[in-house]
Amino acid sequence: IEWVMSGSCVYPLDFSVLSAQSMFAGAVEGTAISRGYAFAPTLVLDDDRDLEILSIAPSVSLTDIPDASEMGPLLARLLARIGSYPVAPIVVCRRPLAALAPLLPLVSGFVFERAAVLSHLSILIREKGLPAAQAPELYAYARAKNSLLIDIGDSIVISSPGEGAADLGHVPVNSSETDGDEHAYA
């Protein structure tokens, strides 16, 4: 979110694309945060008040990806969880909290329940070229899976191995978005 100040009042601004149509169990409100491709196991992060607090603390860098080793035991535990995976996982979490920025070099993509394309983490995700999408239905689907395939180009496709060629989550992408790098893990 960007902001402007007028007098003594601060006005938050968010020019994010808020929704798109889908063929995932009917109409789905969703957004492509960043284009790309990833196939990896899922790392589901449950809500953690400490992670939210860490996201608003001064330890979050506005100009770079912070060093996770300097952000305390919570991030150390997350790094250990990521290290236990055979490949970089796809993170599934409710919101793009800024404290997740140190994980960007270690993960292959993101699925959020709710996110704005102009949030701090969303911007960093695009800069790193990681695929990411948000939609409540896609989030619920991803939470229940051990691994996912994310393919975000002209549309968002999120599926799980062993379920055939079914298009389990398809949300059209705004054609004005820039392409991200592809991240494929086998």
Side-chain angles (χ1 to χ4, degrees), residues 1-4 10-22 24 28-38 40 42-48 51-68 71 75 78 82 88-143 148 150-158 169-183:
I1 288 185
E2 299 292 325
W3 57 272
V4 294
V10 175
Y11 297 93
L13 303 172
D14 186 349
F15 296 107
S16 302
V17 175
L18 297 178
S19 66
Q21 291 298 319
S22 172
F24 181 88
V28 170
E29 298 286 322
T31 304
I33 294 168
S34 180
R35 294 175 181 243
Y37 175 89
T42 55
L43 169 63
V44 176
L45 300 180
D46 293 315
D47 279 344
D48 189 324
L51 193 58
E52 185 176 336
I53 290 169
L54 189 57
S55 291
I56 58 173
S59 61
V60 175
S61 171
L62 295 178
T63 58
D64 200 4
I65 295 176
D67 183 351
M71 294 184 69
L75 266 287
L78 280 176
I82 290 170
I90 295 169
V91 175
V92 179
C93 56
R94 287 194 186 279
R95 293 177 295 143
L97 298 170
L100 298 175
L103 306 182
L104 292 177
L106 309 170
V107 302
S108 61
F110 289 87
V111 175
F112 299 109
E113 181 179 42
R114 298 264 183 229
V117 296
L118 293 179
S119 72
H120 182 68
L121 187 65
S122 294
I123 291 167
L124 293 175
I125 288 169
R126 276 191 302 283
E127 288 176 357
K128 290 295 179 188
L130 297 171
Q134 76 84 28
E137 292 85 352
L138 298 178
Y139 167 79
Y141 173 80
R143 279 187 62 85
L148 289 176
I150 300 176
D151 188 2
I152 304 173
D154 290 334
S155 62
I156 300 171
V157 177
I158 296 179
H170 185 259
V171 180
V173 176
N174 181 342
S175 62
S176 66
E177 283 190 48
T178 60
D179 287 330
D181 294 333
E182 292 185 352
H183 295 273

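Since the structure is predicted, the reported quantities are computational estimates derived from the model, not experimental observations. Starting from 1, each residue takes its place in the sequence as its number.
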**Item:** N-O pairing of E113 and R143 below 4.0 Å
**Value:** no
**For T42, side chain to side chain donor-acceptor pair (under 3.5 Å) partners two or more places apart** = none
Least distance between heavy atoms, [X] atom then [Y] atom:
| X | Y | value |
| --- | --- | --- |
| P105 | A101 | CD-O, 4.2 Å |
| L97 | L121 | O-CD2, 3.5 Å |
| L148 | A142 | CD1-CB, 3.5 Å |
| S34 | I125 | CB-CG2, 3.8 Å |

Would you say the side-chain atoms of [X] pair up with the backbone N or O of [Y], donor to acceptor, closer than 3.5 Å?
| X | Y | answer |
| --- | --- | --- |
| S108 | A88 | yes |
| T31 | Q134 | no |
| R95 | E52 | no |

**Item:** Criterion side chain to side chain contact (heavy atoms under 4.5 Å, CB included) on L130 and L124, from CA distance to verdict
**Value:** CA-CA 9 Å; L130 297 171; L124 293 175; over 6 Å; no
**Prompt:** Under 4.5 Å between any side-chain heavy atoms of I33 and F112, yes or no?
**Reply:** yes
**Prompt:** In Å, rounded to the nearest 0.5 Å, how long is the span from CG of L45 to CZ of R94?
**Reply:** 11.5 Å
**Asked** Mind checking what makes side-chain contact (heavy atoms from CB on, under 4.5 Å) contact with I82, not counting sequence neighbours?
**Response** L43, P89, L103, L106, V107
